[in-house]
Structure formats: C-alpha cells, structure tokens
Number of protein chains: 2
Amino acid sequence: MKSFEQATSPSGDTLKDRTLERLQELILTGDLVPGSKLLETQVAAKLDVSRATLREAMIRLSEIGLLVNLPFRGSYIRKLDRLDLQEIYSFRTGLEKMAFQFCWDKRDLISQADLQMRNERLCQCISDNDAYGAIMAELHLHNWCYELSGHSLLLQSWERLKPNLQFYFSMHQKAHDRAGPLRESHDEYIRLAKGDSLDDMLLHLEHHMQQGLENTLSFLDTTS
Amino acid sequence: MKSFEQATSPSGDTLKDRTLERLQELILTGDLVPGSKLLETQVAAKLDVSRATLREAMIRLSEIGLLVNLPFRGSYIRKLDRLDLQEIYSFRTGLEKMAFQFCWDKRDLISQADLQMRNERLCQCISDNDAYGAIMAELHLHNWCYELSGHSLLLQSWERLKPNLQFYFSMHQKAHDRAGPLRESHDEYIRLAKGDSLDDMLLHLEHHMQQGLENTLSFLDTTS
DNA sequence: AAAATAAGAATTGTCGACAATTCATCAATT
DNA sequence: AATTGATGAATTGTCGACAATTCTTATTTT
C-alpha cells in the first residue's frame, strides 16, 4: 500500500483550514494590531464560524508563532521586537544554508530556468512598484531551494517560518509606506545559486541575510 | 507592559495539554501501532475526555508529525520508513550544527559542568542497562547546546523533532529488545563540545549523526 | 487614601449533539 | 465474474450550551 500522500498544499477544503487562512490573512495584512487580544466570540462572529472551529485554527497559528496563547487568559497577536527579528533571520539563514546543501546536486536546467523565472517575476513587481507582490515574489524566489531539496522537514520548517517574515514585512510596509526590504540585491544570489561553488553560495547567504536584516531593522524603533 | 512570558514548559495545566502528553506517551511507548487509525470516539473514551478536547490535542501532534491527518478520513499513527529516518537525522544534524554555532561563545564553566552531568547520567543509565532511561538521557544530553544557544526558534524546532526520534527509538527497542542506538560514543562528542575548535565539533557532528543513523537503520527491514 | 476582599461580568475551556462526508454492504447491470 | 450504483452505518467536521477561570468593579478594612 502506498503511504499517505503528504498534502502539498495543507490548505484543505475543511472549514477549519479556510478559517486558518483567513485569520492569517487578517493578521498579515495588519487588520489585527500586534499585541492586541483576540476575543474568540468576536472573531468567530466576524469570520462566521463557531468558536470550536476558530480555536482549532488558532492552535495552528500559535504553533507558527503568529499568535501567543496563554491558558485561560486569551490569545494575543504576536509582537515582534528587535530580538525576535534577529532570531528569525539567523534561523532563516541556517535553514537556507541547509537547503542549498541539500539541493545543490539536484540542480539541472529545468530547475535553473525555474529559478530564473521566479527572479524575473520579482523584478517585474519591483518595476511595477507593487510592494505586496514583490514581497510574495521574493518569498517564492527563496522557496526554490527548499522545494528542490526534496527535504520535507526542511520545507515544513521554512513554511512555518515564512508567515513570520511576511508578518513583519507587512508591518514594516504599513509603518513606512514605501517598500523597505526589497531591492535588486538578488542578482548575486541568483548568479551564485546557478554557479559551481557551494561554499561561495553559503557565504553569500550569510551576507545576503545579514544585509536584509540590517536593512529592515533600522526602522523598528516605533514602539517598545 | 512586559511582553508575554514564553512558557518554558508548554505543558500547561489545561486538560488539552495533559491529553496531548498522555496521547503522545501512548504513541511513544508503542501502545498505538504505527499506521493504525485513531478513532476519535474510541480514544476520547479511553482518555476520558471529550472529542473536542482530544481533537485540539491531535492537531498539535499532527504538527509535530506523530500523527497524519487526512480531512474527513481520519488520523493515523505516523509510519516511519527508511527515508523518513534519513530526513530526521539529516535535519537534526543541521539543527545541531546551528545550535553549536550559536552556543559556542556562550560556554562557560557552569554550562560545561552541566554538560558533564548530563553525560554522566547517560553513562549511569547505560551501566544500569536502563534502555528507556538511556534514551531520555541521551536526548537530554543533546538538549544542552539548544538550551545554551538561547535561540528560541532553534530550541522550538528541536523540541518538535525530538518526539519523532523518541518515537523511533521506542519502536526500535520494541522490535529488538536490546537497546540499539546507544553506546559510549558520546565521549568524543563531549570532549569536542568542551574544546576550542568549533570546526572540529561541527565535523564530528556529521560523523556522530551519520553513525547513529546507520547504527539504527540496519534494522528497519521488518515491515515495508 | 491605599490595600485587601468579595461579588458580578466577561472570557476561555470543555462537553454532548447534529450535519457532512466517507466507508461498507449488497443489489443491479454489462 | 467484474464493475457500477445505491443504501445504510460509521466516522469526522461543526455547532451551541454549560463549566471553570480570570478580569472588573465596588466595598470594606487598615
């Protein structure tokens, strides 16, 4: 018997899953203010689902880290401070280095063309001044190495981390309306990812991520 | 206002959490056979909780990977094959390498003494032929670098991965009643972890993990 | 006036019941 | 005989109500 198909997209057709996505969207777009408390009855009514269903969705969001649940005291929208961001970025760096190590020998012409396409989509969004699209395109670009690695645990970890990045990017963008964390700094990334030296790629990753972090960190002094 | 205290031990005093722990224990001890289906009504009755409470616990176990949930079709106890184990070990290797990179400069006499103690506890269990205790002691030993790293995302990832290891060790031990994956092979690990060369430690980690994997993989041919 | 205490309201945790979907059985068709 | 299709049972998904806990506010005490 074939073992269970890992659902490539965990967004099933169950109401709980759709609720999860909608709530996540509400958080990511900033409709729900970081630090504020989520009243289950209220949110359930807003999303037109029962509390039980909402709670099942909230558990997953807590696991991801977008929500902080205190037993009997409620769930709060995650607040990101400078330290949290540093953690996210350093962890992301480590994950992506792993991903490149695993995917390195699996690269071929098809996957390289795929990478190229993702980059072009990103550049297009930047040209169009489409900040939100650019964020998504950048994340999709970075998805490449995880998908290619064929390492489900690694991909899973990245998928869990990604919403946190998206969350911060949205916050950041909302606070300072021009898109911050983006630029054409991916040229080198692409070049090395197609190149022959894994070590160079890994080294560049550290630099690339560090720069991305500093580039975004310099703003975070709005609220303590 | 102080931001939310990350609960150091997520095992809160809520029934859902206790249920999670008990169900996890049932899986880890092998009372529930891998691949078998979990009937919610049945398990809920067995644990003497409502189905809603059980379901909330099961969601978390699905996230960890001990359960596989198929919408409308049920939840199954995870089945580990050779490939899964390889993934777990390679991911674990990457995580622990990250952990040592982060904790390296934080080592001091106190933490080194702590490491020593954990190793001695492991050796004690091995001497006593306490297989289960040795498994726990080994995991606790490896916890050291994650705790010391002070990196919550990293620690979290490890905590999520750990039950899968525990799961396999128990399966393994149940299938071949002598304790398999353990030995005094941690001497070198300890020595290098206390030493001066991070590179040597990282290199040894690859070796240490690879050996641990091979040591356990050689059995897995009981059921396809 | 400040701190401690106690009722009441509000909110989260838990439960049992109903709805939607899948699974098992068996008859009908080719 | 094998495949298809329908019917009923079993199981999961979803809901609304009750119980336990926390928060608020008023009252008392020092």
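In what follows, chains are A, B, ... by sequence order, proteins preceding strands, each numbered from 1.
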Side-chain donor or acceptor of B:T19 paired with backbone N/O of B:L15 under 3.5 Å: yes
B:D84 bridged to B:R78 by N-O distance under 4.0 Å: yes
Under 4.0 Å protein heavy-atom contacts per nucleotide of nucleotides 9-15 of chain C, with B for base, S for backbone only and - for none: --SBBBB
Selection residues 144-156 of chain A - residue pairs positive for salt bridge (Lys or Arg N to Asp or Glu O under 4.0 Å), sequence neighbours left out: A:R118-A:E147
Test ring pair (Phe, Tyr, Trp, His ring centres under 6.0 Å) applied to B:W158 and B:Y146, B:W144, B:F102, the passing residue: B:Y146
Exceeds 12 heavy-atom contacts within 6.0 angstrom, atom CZ of B:R121: no
